[in-house]
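From a predicted model like this one, the values you see are computed outputs, not experimental measurements. Just so it is clear: chains get the letters A, B, ... in the order the sequence lines come, proteins before strands, and each one is counted from 1. Quick note: numbers below take in every heavy atom, side chains included, and nothing from hydrogens, waters or symmetry partners.
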There are 2 protein chains.
Amino acid sequence: MTPPVFSHGSLRLYLLKLLDETPRHGYELIQALGDRFGGTYSPSAGTIYPRLAKLEEEGLVTKASDGRKTVYRITDAGRAELAARGDELGRVESEVTDSVRRLAHEVRSDVTTAMKSLKAELASAARDARESASRVPPVSSTTPDDRTTSRLALQDAELALNVFRHDTRAALRTHIGSGRSFTSAQLAELRIELERAATSIKRILTH
Amino acid sequence: MTPPVFSHGSLRLYLLKLLDETPRHGYELIQALGDRFGGTYSPSAGTIYPRLAKLEEEGLVTKASDGRKTVYRITDAGRAELAARGDELGRVESEVTDSVRRLAHEVRSDVTTAMKSLKAELASAARDARESASRVPPVSSTTPDDRTTSRLALQDAELALNVFRHDTRAALRTHIGSGRSFTSAQLAELRIELERAATSIKRILTH
DNA sequence: CCTCTCCTCGCGATATATCGCGTTGTGATT
DNA sequence: AATCACAACGCGATATATCGCGAGGAGAGG
């Protein structure tokens, strides 16, 4: 299927580099790798832990249990290995960046096809709704009263709220994930914006 | 957050039902639940395992280790509980189906907006590529300090988002609760307001 | 009755580890 | 030099478990 982001042995080297910066536990390494390469890609646990186990077996890192976590620390032998092959690091880095870029591209077309299947799904859902509408007879009248309309609209409103919250969160994460900073000044602006929206919505409700 | 698919205590009951059919291990239960409800939704491991632990503590199921797996089996006490509350099962099932349908709805609009943000992301990636072609590519664009403050600000932003959502929901409920109607016209205005806020916030993030 | 507190619950995020598939690199044999 | 078996590797899927948050429900106390 998709070609690996890290080529043969690259991950091993990169893990050593990360552990040379500071000791970390496994999950932290996964996040660190995700951070460095645009948030689009994160290596899976099934990639990291076997590699760490191997590195320990080879004596290049040590493992120390810290409560729920397992902290890995580079050894002298590990530093030696890193010194010997450190010149490969630059090449590895640009290779990975390239792979990630390609991956992002794939994700795009992926979403495009997802849209198509979703349209099909929606059509089937609509068919579903039509069917159940004809099978289940209307409860009382053809024109639903205000109360019912309100409740339906309320559900839609909550849905819209959820979507808004979700999208904004996603935007924030993407922003930070791509290496840009999110300042307290921007936070303040965001707060003001939310305040304004809240006020507007209250005005809408009272006419 | 998104309202839970299983309401209070429903999952507990449903797990008993599944274990009454046949003994299973935890991951198998997660998959079984995913299968029953359209594939869109699968309960997370963080939902299943604490519940199974609780059920075992209560003596309604027993745990047996089988290599890498942990097989759970219903006990007589568990079957008694199931017999006593089995009539709730039908209700639970339709509740869950409804929730899942709503979730699918959310996913739909999610993908639509994901398309937009992906286009933006690609544009920025292209910009990036052009830039890095002329300049020396920075390994990590943000200093650790910046990242830390960003993460803190991110937490504050999520809090603000939650407060906003909560307040708006409360306003809607109060409005309808006091006998006034919430029309689809007002819903449309609300949507526009949220859209406007979302746009503003994205503008804030890009300066 | 009403509300306030506390416990429970669902759930995403955090954390770790193994298995099997397909690919790639390597060394031995031809 | 060519090839061919075998090991090493990346990675998604499988498997388990804990933590903290926010919402729900039950029971106490007014």
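At C:dC9, one or more side-chain N or O atoms of B:Arg51 fall inside 4.0 Å of OP1 or OP2 (strictly under the cut-off). Applying the 4.0 Å criterion to OP1 and OP2 of C:dA15, one finds that A:His25 has a side-chain N or O inside that range. A:Thr70 has a side-chain polar atom (N or O) that falls below the 4.0 Å cut-off from OP1 or OP2 of C:dT16.
The residue B:Phe6 sits close only to the backbone: its heavy atoms come under 4.0 Å of sugar-phosphate atoms, none of a base. Here B:Gly26 lies in heavy-atom contact (under 4.0 Å) with sugar-phosphate atoms only.
Of all nucleotides listed (C:dA17, C:dG12, D:dA15), C:dA17 comes nearest to the side chain of A:Tyr72. Proximity note for B:Ser44 (side chain, C-beta onward) versus D:dT18, C:dG12, C:dG10: the nearest is C:dG12.
Following rounding to the nearest Å, B:Lys69 (NZ) and D:dT16 (C1') show an atom-to-atom distance of 13 Å. For the pair A:Glu56 CD and C:dA17 C1', the computed distance is 13 Å after rounding to whole Å. With rounding to whole Å, A:Leu29 atom CG is found 12 Å from C:dA17 atom P. The NE2 atom of B:His8 sits 12 Å away from the C1' atom of D:dG22 (whole-angstrom rounding). Rounded to an integer number of Å, the gap from B:Leu52 CG to D:dA17 P is 9 Å. Here C:dA17 presents its C1' atom at 16 Å from NZ of A:Lys54, a figure rounded to the nearest Å. Rounded to whole angstrom, the span from the NZ atom of A:Lys63 across to the P atom of C:dT16 amounts to 10 Å. Across the protein-nucleic acid pair, B:Tyr14 atom OH and C:dG10 atom C1' stand 17 Å apart, rounded to whole Å.
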Pair A:Thr97, A:Ser94 - check side-chain hydrogen bond (donor to acceptor under 3.5 Å, both in side chains), show working.
CA-CA 5 Å; A:Thr97 306; A:Ser94 59; over 6 Å; no
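Classification of A:Lys17 and A:Glu93 as a salt-bridged pair holds, one side-chain N sitting under 4.0 Å from a carboxylate O.
At least one side-chain heavy atom of B:Val61 sits under 4.5 Å from a side-chain heavy atom of B:Leu16.
Both B:Leu11 and A:Tyr49 lie close to DNA chain C; mapped to their nearest nucleotides by heavy-atom distance, the more 5′-ward contact belongs to B:Leu11. Residues B:Pro43 and A:Gln31 each lie close to DNA chain C; by heavy-atom proximity, the contact nearer the 5' end of the strand is made by B:Pro43.
Judged by distance alone, the side chain of B:Ser65 and the main-chain N or O of B:Thr70 form no donor-acceptor pair under 3.5 Å.
Scanning for side-chain hydrogen bond (donor to acceptor under 3.5 Å, both in side chains) contacts around B:Ser7 gives B:Ser10, B:Glu95, with sequence neighbours left out.
With hydrogens and angles left out, the side chain of B:Arg68 and the base of D:dT14 share a donor-acceptor pair within 3.5 Å.
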